[in-house]
Structure formats: C-alpha cells, structure tokens
Amino acid sequence: MTYRLLRPLLFALDAETAHRLTLRAIAAAPRGAPPASDPRLARHLLGLEFPNPLGLAAGFDKNGEVADAALGLGFGFVEVGTVTPRPQIGNPRPRVFRLPRDHAVINRLGFNNDGFDAVERRLRRRHRGGIVGVNVGANRDSANRAADYTAGVTRFAAIADYLTVNISSPNTPGLRDLQERSALNDLLTRVEEARRAAARPTPILVKIAPDLDDAAVAAIVDATIAAGIDGIIVTNTTVARVGLNETRRAKEEGGLSGRPLFRRSTVILAKARKRAGNRLVLVGVGGVDSAETAWSKIAAGADLIQLYTGMVYAGPRLPARILAGLAERLDRERVASIADVVGSETDRWAAVQP
Ligand SMILES: Cc1cc2nc3c(=O)[nH]c(=O)nc-3n(C[C@H](O)[C@H](O)[C@H](O)COP(=O)(O)O)c2cc1C
C-alpha cells in the first residue's frame with residue numbers, strides 16, 4: 001500500500017502510537033541490500049565514507065531498533081537515540097502532536113528511552129554495515145549531567161561510528177543551559193578527555209538548539225573548535241511558535257519540528273558555517289522534506305543533512321525521492337558532486353532574518 005493511502009489511518013491514531021506502528025512496519029519490511037547511491041552524492045567526512053549526505057535524525061529510532069532497516073530505505077546514515085544512562089519513561093502522554101496544516105510536529109517526550117545497557121546490547125547484535133551514530137543525553141534526575149555525557153562517550157565509543165552530545169532538547173528542564181559559554185567549555189573539555197581515554201577515537205558532534213542569538217552561535221562554534229570536537233548538528237526543535245496555521249495545537253508545550261523550522265534552522269546553520277569556515281563538519285537538520293529543501297540546506301553550509309518530521313508527512317519513500325532529486329539537480333546545474341554545493345549560498349542565508 002502506498003503511504004498516501006496509509007497516512008489517514010495513521011493520522012487517526014495518537015501520534016506516538018502511529019510512530020510505534022511505523023517502527024514495527026519498517027522493521028518487518030523485507031531486507032535487501034541498501035539501495036546504491038549515486039556516487040556523486042558520496043562524502044568522505046569524520047573519517048567515514050558516507051554513501052550519501054542524507055541521514056535519519058535522532059528521536060526516530062531512540063532505542064536502536066530499526067537502524068539497519070532505515071539504512072535500507074536509502075539513508076546514508078542513521079542516528080540512534082537520545083539514549084540516557086538509565087532507562088527513562090519520559091513525560092506523561094499525550095506528548096507528541098501533529099500540526100497537519102503546517103507539516104509540523106510538537107513533541108515533549110522528555111528522553112523516553114531504554115537506557116545505555118539495552119541499546120548497547122541491541123546495537124551489538126547488528127550484523128550489517130552502514131553508518132550508525134549514537135546520540136547521548138543526561139537523565140532528567142541526574143546529579144551530574146556532564147558525567148552522564150562522558151559515560152555515554154565511554155560506553156558507545158567502540159560501537160558507534162560517531163557520537164552526538166545532545167544539549168538542546170527543550171524537554172529536559174535546564175538541559176539547554178549547557179549551551180552557555182562556561183558550562184559548554186567545561187562539558188566539551190570533559191567529553192574530549194573521555195574520548196581520548198576511550199577504546200577508539202570516535203568522532204563527536206554537538207547538537208544545538210535553533211533558539212540562539214548570533215553571539216551564542218559564535219561562542220558555541222568557537223568552543224567546539226577549541227575543545228577539538230569534530231562538528232555541530234544544527235538544529236534541534238524550537239520552542240518558538242511563529243507563523244503556524246494550527247493555532248490550537250501550537251499552544252502545546254514542547255519542541256516544534258518540520259516545515260516551520262526550516263528557515264530558522266537554516267539561518268543558524270549558515271551563521272555557524274560562516275564562523276567555522278572549514279574547521280567543523282556541520283550537519284543541517286530542520287524542515288528538510290524534499291530535494292529542494294535538502295539542496296538549500298546543503299547550499300547554506302551543511303556537509304550532511306538529516307530529517308525526521310518529513311517522514312511523518314511523506315512516508316518511507318522520502319529518502320529515495322530526495323536522493324534522486326539531488327542527483328537530477330546535479331545534472332541540471334552541471335555540478336560534478338554534492339560536495340561542490342556545500343556553502344555555495346552561505347552568505348545569502350546568513351543575512352536572512354530567522
Ligand atoms: C518526536 C520527535 C522526537 C525527537 N527526539 C529527539 C531526541 O531524542 N534527540 C534529539 O537529539 N533530537 C530529537 N528530535 C529532534 C530531531 O532529531 C530534529 O533535530 C528535529 O526534529 C528537526 O528536524 P525535522 O524538522 O526534520 O524533524 C526529535 C524530534 C521529534 C519530532
């Protein structure tokens with residue numbers, strides 16, 4: 001059945017229930033080898049060979065249940081998590097809301113996940129290749145949040161292709177304060193020490209919020225470079241509510257993702273790229289739901305891109321469609337490879353009002 005026919009059925013269910021069913025359907029789908037990507041879409045970054053620049057963003061597969069199946073949909077990489085040291089049930093339900101007229105989602109899940117032990121066990125059972133990153137966080141009631149992150153680095157360094165330090169969820173009170181200058185310097189120094197002590201020098205990215213002013217973005221870029229961290233994922237969901245059609249749903253507390261996040265997250269990305277030059281790997285995420293938005297994100301300065309909410313509205317064929325669209329556009333614009341597109345419009349995007 002095509003997703004167009006299935007979607008009304010899924011949308012009749014609570015968003016979280018629909019997501020559980022989606023995970024089961026993806027996991028149960030027949031597995032062939034992942035589809036081959038157009039070689040012009042490949043990127044060599046972080047010491048890894050990405051077959052294409054499009055990844056599945058964190059939160060879709062919080063517990064590492066469908067990483068191989070998601071790679072089978074065409075994604076060039078999958079980010080599992082956020083995982084916290086101890087399992088957590090998260091906030092009371094309902095806690096995920098669709099805004100169909102905005103092609104958006106609001107969530108206040110609050111890091112519901114199975115915890116390090118269960119997710120590590122699951123990832124160790126994988127037997128296929130493909131790039132899988134692990135996004136780590138802190139327990140809500142943790143007495144020492146920095147220690148939760150360093151424990152994540154230590155625990156997953158050997159089995160993750162890269163690690164993400166997620167300090168930008170709006171749903172764990174106080175978490176985003178870790179983006180502030182002195183807290184961030186301290187955290188990143190400790191994370192870097194944990195990486196050096198780990199079995200393998202796994203690449204590390206920091207994931208930031210879109211709700212930051214120019215000075216904060218510049219400070220985070222500088223701190224990331226100074227600490228020797230490899231890159232930044234730009235961005236998580238926003239607490240802002242601008243220009244939404246679904247005014248009733250818009251009042252739900254939590255982080256907003258999808259189409260209305262595209263512009264804001266892309267402007268922050270361009271500003272981070274301007275500041276970082278080529279010293280960091282930047283992953284652009286927020287509102288990518290077509291080949292056009294994917295291309296714009298890359299042109300604004302993203303080496304790699306990710307999506308989540310686009311899957312809710314467009315379904316599991318979206319990654320293949322985006323990749324085909326990117327390859328066609330390379331033909332049309334007579335550009336040799338996607339790497340040549342990165343940053344071609346950074347200046348224009350950095351000047352846009354977010
Ligand atoms: C339901 C839901 C759960 C999410 N959970 C996480 C999470 O656990 N960790 C994280 O770093 N980001 C999480 N995100 C944020 C996404 O990874 C992404 O940064 C954001 O949704 C913007 O991308 P999009 O517009 O393509 O969805 C979540 C997003 C949604 C919609």
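Indexing begins at 1, ligand by ligand and atom by atom, following the structure's order.
Residue Val105 has no nitrogen or oxygen atom sitting less than 3.5 Å from a nitrogen or oxygen atom of ligand 1, judged on distance alone. Checked by distance only, ligand 1 and Ala57 stay at 3.5 Å or farther apart across all their nitrogen or oxygen atoms. In terms of polar-atom proximity, defined here as any N/O pair under 3.5 Å, Asn107 makes no such contact with ligand 1. Checking only distances, Gly258 does come within under 3.5 Å of ligand 1, N or O to N or O.
For the pair Arg121 and Asp117, the salt-bridge criterion is not met [side-chain N within less than 4.0 Å of a carboxylate O]. Ion pairing between Arg122 and Asp61 fails under the 4.0 Å rule for side-chain N and carboxylate O. Comment: Asp222 engages Arg275 in a salt bridge, judged by a side-chain N to carboxylate O separation of less than 4.0 angstrom.
Of the protein's non-hydrogen atoms, Asn236 OD1, 3.5 Å is the one closest to atom 15 (C) of ligand 1. Counting protein heavy atoms only, atom 7 (C) of ligand 1 is closest to Thr82 OG1, 3.5 Å. What sits closest to atom 21 (O) of ligand 1 on the protein, heavy atoms only, is Ser257 CB, 3.2 Å. Remark: minimum distance from atom 27 (O) of ligand 1 to any protein heavy atom is reached at Thr309 OG1, 2.6 Å. For atom 13 (C) of ligand 1, the closest non-hydrogen atom on the protein side is Ala58 O, 3.3 Å. Taking atom 22 (C) of ligand 1 as the reference point, the nearest protein heavy-atom neighbour is Leu261 CD2, 3.6 Å. Nearest to atom 4 (C) of ligand 1 among the protein's heavy atoms is Gly59 CA, 3.7 Å. Closest to atom 1 (C) of ligand 1, if we only count protein heavy atoms, is Tyr308 OH, 3.5 Å.
The closest heavy-atom contact to atom 25 (O) of ligand 1, among the options Gly81, Gly287, Pro170, comes from Gly287. The nearest non-hydrogen atom to atom 8 (O) of ligand 1, considering only Glu16, Met311, Lys62, Gln306, comes from Lys62.
The proximity of Asn166 to ligand 1, defined as any non-hydrogen pair under 4.0 Å, is limited to the side chain. Residue Asn135 touches ligand 1 through its side chain alone, judged by heavy-atom distances below 4.0 Å. Looking at Leu109 against ligand 1, only its side chain comes within 4.0 Å, counting heavy atoms. With a 4.0 Å heavy-atom cut-off, ligand 1 is reached by no atom of Glu79.
Just one residue in the list Thr84, Asn139, Thr82 forms a side chain to side chain donor-acceptor pair (under 3.5 Å) with Asn113, and that residue is Thr84. When each of Val136, Ile233, Val283, Ile204 is tested with Thr164 by the rule side-chain contact (heavy atoms from CB on, under 4.5 Å), just one qualifies, namely Ile233. Partner of Glu120 under the side-chain contact (heavy atoms from CB on, under 4.5 Å) criterion, out of Val134, Asp114, Val83, Ile159: Ile159 alone.
With sequence neighbours excluded, the residues that form a side-chain hydrogen bond (donor to acceptor under 3.5 Å, both in side chains) with Asp14 are Thr17, Arg93. A search for salt bridge (Lys or Arg N to Asp or Glu O under 4.0 Å) contacts involving Asp148 returns nothing, not counting sequence neighbours.
Close approach to Val285 involves these atoms of ligand 1, each under 4.0 Å from a residue heavy atom: 18 (C), 19 (O), 22 (C), 23 (O). Here is the list of ligand 1 atoms found below 4.0 Å of a heavy atom in Thr235: 19 (O). Which parts of ligand 1 touch Leu307 is read off a 4.0 Å heavy-atom cut-off, strictly below it: atoms 26 (O).
Residue contacts with ligand 1 do not include Gly310, since none of its heavy atoms lies under 4.0 Å from the ligand.
Residues Asn166 and Ser168 bring a donor and an acceptor atom of their side chains to less than 3.5 Å of each other.
Both Leu54 and Leu73 belong to a common hydrophobic cluster when Ile, Leu, Val, Met, Phe, Trp and Tyr are linked at side-chain heavy-atom distances under 4.5 angstrom. In the hydrophobic clustering of this structure, Ile232 groups with Leu178; members are Ile, Leu, Val, Met, Phe, Trp, Tyr whose side-chain heavy atoms approach within less than 4.5 Å, directly or through other members.
Counting heavy atoms from C-beta outward, Arg241 and Leu99 have side chains that stay 4.5 Å or more apart. Counting heavy atoms from C-beta outward, Asp161 and Phe77 have side chains that stay 4.5 Å or more apart.
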